[in-house]
Amino acid sequence: MNVALFADSQLGKKVSEIISEDIPQEKPQELKPADVILTSNTSCFAITSKNNEAMGLVRRYAMISEEIFAEIFSTKFSFQNRILVRIYDDKTNADGSSCIAKFDAPNAYINIVWDENLIHSDLCMALSDMLLKKIVFTYKGGVAHEKIPLWLGLAFAKSLEYNVRPNAIYNSVKEAMRSEPDSLETILRYDVKNVSNLQKAALNSYWALRVLQGVLPSAKFSEFMAIAINSEEVSRQMEYLDVNMSGHGSLSLRWRNATLGELYSRMGGSMMTMEASFAEIKRLLVITYENDEGVLISVSDKDIWEHKDNRRLAVNMQARILEIKALMLKINSVYFDALLELGRMYQAVLDADEDVFFESKKACLEDFSYAMKIEAKSKALLNMDEDLLKKQDASQNKN
């Protein structure tokens, strides 16, 4: 498999760009002649290269990948027939890419061209994908490694990316919060044929793995992973999670609540900026649901009362109220009242309380408009201060 397919457009930094950022380098080994091929083994990988620095970094990535799999599966893996990783300084792969991974059971190979074109996400995908296939083939045999769900492969690759670059986690949280997350069933059904945005799918897959690990007891999580790897029907996986996931309400509601809880917990304790708070309320003002034909319908404050009897919308509205409750701990105080009234408005729809609905809707829009004006004035004042400082600096430079 050519892992260049999974290059992350936003996080797709080149390895040469990140080596000096936040990845501690291993202590260099004794220098050897350039024509000597160096070798280094981990529990699961056999790495060869003439480049000592490249070998040290890839070895570090390989070991972290092994640690991630050991944590998820509660087992430390080790192979006599290791995954062969060959690092070249200038040899071009057959298709011109800098990283190619191939699993030819029972052997696994990764060819890496260590140049300025090597993409960080490609390297992570190659290592994690080959290790996942190796584990599944070793324990399941046959063609089980060919049936691994896409979401699992994406989740493990992202896990490696975020473990070697922890600061990228915060950016992934912000990106996940900016868009409506896919449903649990949609994530479990990910396939290269039905996924149009691999970057979004990878983010959703990563958080799905972390949320499942957090909400399921250890034994139940292990059981679910076995079910997923065995490629059992998604309906069977959903039934298992419905029975074993803690919480109240439907599975989709519990899943949404658990995902949001995980995301908000990663945001840290600081208050959101006014700009971020504005964007969140604007997003929360629109709710979507699927009609009987499977068409996605968007509903806003303008027409939500007309849909008050729609059961599918009601489920999503309950989830939206949970989002609002969680967000109240983070929202900028300027937008707090607008968020509070938005929650009251949605609750009034669920309660079919027309008086409270129109009262809270009016208050929400007024508070939202007022908060926007305060934000605009604040920005104007900041711009004035910046202009004044620039004038003062110019004056001092003249003197």
Side-chain angles (χ1 to χ4, degrees), residues 1 3 5-6 43-45 62 64-79 81-83 101-108 110 124-163 182-195 198 201-245 251 255 258-259:
M1 180 182 69
V3 297
L5 172 66
F6 295 93
S43 297
C44 302
F45 295 89
I64 292 175
S65 185
E66 292 170 359
E67 292 170 2
I68 292 170
F69 279 83
E71 176 202 353
I72 296 296
F73 292 107
S74 301
T75 302
K76 288 187 177 181
F77 298 100
S78 180
F79 305 118
N81 179 20
R82 294 177 173 86
I83 300 165
K102 181 180 179 181
F103 192 85
D104 185 11
N107 302 312
I110 302 173
C124 293
M125 173 56 77
L127 293 169
S128 61
D129 184 58
M130 288 300 100
L131 183 52
L132 180 56
K133 282 182 167 63
K134 186 76 172 179
I135 290 170
V136 172
F137 176 80
T138 301
Y139 286 86
K140 299 292 181 181
V143 294
H145 62 282
E146 298 177 1
K147 301 178 180 179
I148 298 171
L150 176 61
W151 78 271
L152 267 183
L154 294 174
F156 278 114
K158 280 295 177 187
S159 296
L160 178 54
E161 281 191 50
Y162 297 152
N163 268 269
D182 287 338
S183 68
L184 175 58
E185 184 171 0
T186 298
I187 294 171
L188 297 181
R189 292 188 185 279
Y190 278 163
D191 185 88
V192 289
K193 296 177 182 178
N194 64 22
V195 171
L198 272 173
L203 283 174
N204 285 331
S205 299
Y206 170 80
W207 291 114
L209 182 63
R210 290 302 160 189
V211 169
L212 289 170
Q213 189 181 20
V215 299
L216 292 174
S218 179
K220 297 298 182 182
F221 177 69
S222 297
E223 286 180 6
F224 174 76
M225 290 298 289
I227 293 172
I229 287 176
N230 286 336
S231 299
E232 295 192 24
E233 289 293 330
V234 171
S235 57
R236 160 79 176 112
Q237 298 178 45
M238 294 290 287
E239 288 173 6
Y240 182 89
L241 293 174
D242 193 16
V243 171
N244 292 288
M245 263 189 74
L251 176 59
W255 173 254
T259 302

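Below, each value reflects all heavy atoms present in this structure, side chains not excepted, and no hydrogens, waters or symmetry copies.
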Which residues pass the side chain to side chain donor-acceptor pair (under 3.5 Å) test with Asn230, not counting sequence neighbours? Lys140
Taking only Lys NZ, Arg NE, NH1 and NH2, and the carboxylate oxygens of Asp or Glu, determine whether Glu239 and Arg236 approach each other closer than 4.0 Å. no
With a 4.5 Å limit on heavy-atom distance, are the side chains of Leu131 and Phe45 in contact? yes
Taking every non-hydrogen atom, the tightest pair across Val234 and Glu185: CG1-CG, 4.0 Å
List the steps, then state whether side-chain contact (heavy atoms from CB on, under 4.5 Å) holds for Cys44 with Arg82. CA-CA 5 Å; Cys44 302; Arg82 294 177 173 86; 5.8 Å; no
Do the non-hydrogen side-chain atoms of Leu154 and Tyr206 ever get within less than 4.5 Å of each other? no
Would you say Thr186's side chain and Asp182's backbone share a donor-acceptor pair under 3.5 angstrom? no
Atom pair CG (Asn204) and CD1 (Ile187), whose distance is rounded to the nearest 0.5 Å: 4.5 Å
Grab the two heavy atoms, one from Val211 and one from Thr259, that are nearest each other, plus how far apart they are. CG2-CA, 3.8 Å
Considering only heavy atoms from C-beta outward, does the side chain of Phe73 approach that of Ile68 to under 4.5 Å? no
Show, in sequence, the C-alpha distance, side-chain angles and deciding distance for Phe69 and Phe77, and conclude whether the ring pair (Phe, Tyr, Trp, His ring centres under 6.0 Å) test is met. CA-CA 8 Å; Phe69 279 83; Phe77 298 100; 7.1 Å; no
In the structure I gave you, are the side-chain heavy atoms of Pro106 and Phe137 within less than 4.5 Å of one another anywhere? yes
List for me each residue that meets side chain to side chain donor-acceptor pair (under 3.5 Å) alongside Asp242, sequence neighbours excluded, and say none if there are none. Arg254
Ile148 vs Asp129, side-chain contact (heavy atoms from CB on, under 4.5 Å): CA-CA, chis, key distance, verdict: CA-CA 10 Å; Ile148 298 171; Asp129 184 58; over 6 Å; no
Hey, does Val215 have a side-chain heavy atom less than 4.5 Å from the side chain of Asn244? no
In the structure I gave you, are the side-chain heavy atoms of Glu161 and Cys124 within less than 4.5 Å of one another anywhere? yes
Partners meeting side chain to side chain contact (heavy atoms under 4.5 Å, CB included) with Val195 (sequence neighbours left out): Leu150, Tyr190, Leu198, Ala201
Salt bridge (charged side-chain N to carboxylate O under 4.0 Å, His left out) against Glu67, all qualifying residues, sequence neighbours excluded: none
So Leu152 and Ser205, do their side chains get closer than 4.5 Å, heavy atoms only? no
With sequence neighbours excluded, residues passing side chain to side chain donor-acceptor pair (under 3.5 Å) with Lys76: none
Quick note, salt bridge (charged side-chain N to carboxylate O under 4.0 Å, His left out) partners involving residues 143-155, not counting sequence neighbours, are none
Closest approach of Ser128 to Ser65 (non-hydrogen atoms, all atoms of both residues): CA-OG, 3.9 Å
Which atom pair, heavy atoms only, marks the closest approach of Ala101 to Ile110? CB-CG1, 4.2 Å
Separation between CG (Leu212) and CD (Gln237), nearest 0.5 Å, reads 10.0 Å
Would you give the length of the straight line joining atom CH2 of Trp255 to atom CG of Leu184, rounded to the nearest 0.5 angstrom? 5.0 Å
Any chance you could measure Leu188, atom CG, to Ser235, atom OG, to the nearest 0.5 Å? 10.5 Å
Nearest-0.5 Å distance that lies between atom CD1 in Ile135 and atom CD1 in Ile72: 11.0 Å
So which heavy atom on Ser43 is nearest to which on Glu66, and how close? N-OE2, 3.4 Å
dist Lys102:NZ -> Lys133:NZ (nearest 0.5 Å) comes out at 13.0 Å
A side-chain contact here means heavy atoms from C-beta on lying under 4.5 Å apart; do Leu127 and Ile83 qualify? no
Can you sort out the partners of Phe79 under ring-ring contact (aromatic ring centres under 6.0 Å, His included), two or more places apart, ordered by chain and number? none
Would you call the rings of Phe103 and His145 parallel, tilted or perpendicular, taking 30° and 60° as the class edges? tilted
Side-chain donor/acceptor pairs under 3.5 Å, residues 216-227, sequence neighbours excluded:
unit_1	atom_1	unit_2	atom_2	d
Ser222	OG	Ser218	O	3.2
Glu223	OE1	Tyr240	OH	2.6

Please name all residues satisfying side chain to side chain donor-acceptor pair (under 3.5 Å) with Gln213, sequence neighbours left out, ordered by chain then number. Glu71, Arg210
By side chain to side chain contact (heavy atoms under 4.5 Å, CB included) - contacts of Asn194 (at least two apart): Asp191
